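Here the structure is laid out as structure tokens; the discussion comes afterwards.
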Amino acid sequence: YGLAKMNARMADRESDPKEKRKLFDSAITAIKEFSANNPKHPRYGESLSEVAYLMQQKGKFLMGQGRTDPNAPKEAEEAYAQAENLFKDLIKALGERRVERPSDEKDVRGMQAYDEWDQKMMNAKYNYGVSLFAHAEVLKDRTDKGAQMKELLDQMVNFFEKDFMWEYER
């Protein structure tokens, strides 16, 4: 897992497009394997978040390659779709491991556990919405994908209005 995270950092800094793609793919594959093989590991949620974030980064990189690589926009679309699914999986996993806010705010350990869980959930939900937008953005220049783009944007708006904002407006 640590080596995969190193590859991810290297991919971020790499300037050669082919090498950057290899590093992204290597990191994503390794972290996916870690997640699949360790669903009860304390870093399971972090690993889902990490690989989803990497899929978003890879999609962003591929969008920049669109002028020189004709396959890049399709690959970017796939990367964003995978990121969406991973963030949904993370939201579900965090929901199953929900930490309730202690009734006694002097319960320092309980409050710390709740705050950590809440921060992870908020980040997962935020990034899920962002991935919907990024996926839609990939489709903006494709007239044949207008309906799909609108659907993704509608999902994003509904998600932020109904499943995100109410949680954090309290």
Side-chain angles (χ1 to χ4, degrees), residues 1 4-36 43-95 117-169:
Y1 182 65
K5 288 180 76 168
M6 247 176 45
N7 279 344
R9 285 192 290 279
M10 289 170 53
D12 232 10
R13 295 185 200 124
E14 182 60 52
S15 59
D16 179 83
K18 288 180 183 177
E19 188 61 27
K20 187 177 197 87
R21 189 179 289 202
K22 276 191 224 175
L23 288 166
F24 270 128
D25 290 343
S26 173
I28 288 165
T29 299
I31 297 172
K32 279 183 174 181
E33 286 175 6
F34 172 84
S35 299
R43 290 200 152 163
Y44 174 76
E46 177 186 323
S47 69
L48 287 179
S49 182
E50 186 77 28
V51 76
Y53 178 74
L54 283 171
M55 294 304 294
Q56 285 183 320
Q57 291 300 102
K58 182 180 177 184
K60 184 177 180 180
F61 157 71
L62 289 167
M63 285 303 295
Q65 296 297 303
R67 291 188 178 102
T68 57
D69 180 351
N71 295 324
K74 183 172 177 19
E75 289 181 51
E77 183 180 348
E78 291 168 5
Y80 286 126
Q82 287 181 40
E84 289 165 36
N85 289 329
L86 288 163
F87 281 121
K88 279 198 296 194
D89 290 348
L90 177 57
I91 292 165
K92 181 181 177 193
L94 287 168
W117 174 86
D118 189 52
Q119 185 69 39
K120 289 175 186 175
M121 181 62 90
M122 183 170 53
N123 285 335
K125 286 183 172 186
Y126 171 78
N127 280 301
Y128 172 67
V130 168
S131 66
L132 287 168
F133 177 79
H135 188 174
E137 188 175 37
V138 172
L139 306 174
K140 72 181 177 194
D141 295 329
R142 297 190 50 198
T143 55
D144 62 321
K145 297 280 189 166
Q148 183 183 358
M149 183 179 88
K150 181 182 180 328
E151 182 181 326
L152 287 164
L153 292 172
D154 287 344
Q155 286 176 16
M156 179 196 69
V157 168
N158 287 332
F159 176 78
F160 277 127
E161 285 180 350
K162 295 177 183 164
D163 296 326
F164 180 80
M165 292 308 294
W166 69 270
E167 286 267 344
Y168 302 102
E169 288 181 339

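Fair warning: this is a prediction, and the values are worked out from it, not measured in the lab.
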Whether [X] side chain and [Y] backbone form a donor-acceptor pair below 3.5 Å:
X: Lys125; Y: Asp163; value: yes
X: Lys58; Y: Ala76; value: no
X: Ser131; Y: Tyr128; value: yes
X: Tyr53; Y: Ala83; value: no
X: Ser26; Y: Lys22; value: no
X: Ser49; Y: Gly45; value: no

What closest approach, in Å, do [X] and [Y] show between heavy atoms, and which atom pair accounts for it?
X: Met156; Y: Gly129; result: CG-O, 3.6 Å
X: Asn127; Y: Gln56; result: O-NE2, 3.3 Å
X: Ile31; Y: Ser47; result: CG2-O, 3.3 Å
X: Gly59; Y: Tyr80; result: C-OH, 3.4 Å
X: Lys20; Y: Arg13; result: NZ-N, 4.5 Å
X: Ala11; Y: Leu23; result: CB-CB, 3.6 Å

Distance from [X] atom [atom1] to [Y] atom [atom2], nearest 0.5 Å?
X: Glu151; Y: Lys145; atom1: CD; atom2: NZ; result: 11.0 Å
X: Gln82; Y: Met55; atom1: CD; atom2: CE; result: 3.5 Å
X: Ser35; Y: Asp89; atom1: OG; atom2: CG; result: 9.5 Å
X: Gln57; Y: Leu62; atom1: CD; atom2: CG; result: 11.0 Å
X: Glu46; Y: Asn123; atom1: CD; atom2: CG; result: 11.5 Å
X: Glu19; Y: Met10; atom1: CD; atom2: CE; result: 7.0 Å

| message | If the threshold is 4.0 Å, N to carboxylate O, is there a salt bridge linking Lys74 and Glu78? | response | yes
| query | Going through the distances and angles, do Lys18 and Asp16 end up as a salt bridge (charged side-chain N to carboxylate O under 4.0 Å, His left out)? | reply | CA-CA 6 Å; Lys18 288 180 183 177; Asp16 179 83; over 6 Å; no
| query | After noting the C-alpha distance and the side-chain angles of His135 and Gln148, does the key distance pass the side-chain contact (heavy atoms from CB on, under 4.5 Å) rule? | reply | CA-CA 10 Å; His135 188 174; Gln148 183 183 358; 3.8 Å; yes
| said: Check the orientation of Tyr126 and Phe160. Use parallel for under 30°, tilted for 30 to 60°, and perpendicular for over 60°. | reply: tilted
| Side-chain heavy-atom pair Met63, Glu137 within 4.5 angstrom cut-off |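 The answer is no, as the side chains (C-beta and beyond) never meet within the 4.5 Å cut-off.
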| field | Verdict with supporting geometry, Lys150 and Asp154, salt bridge (charged side-chain N to carboxylate O under 4.0 Å, His left out) | value | CA-CA 6 Å; Lys150 181 182 180 328; Asp154 287 344; 2.8 Å; yes
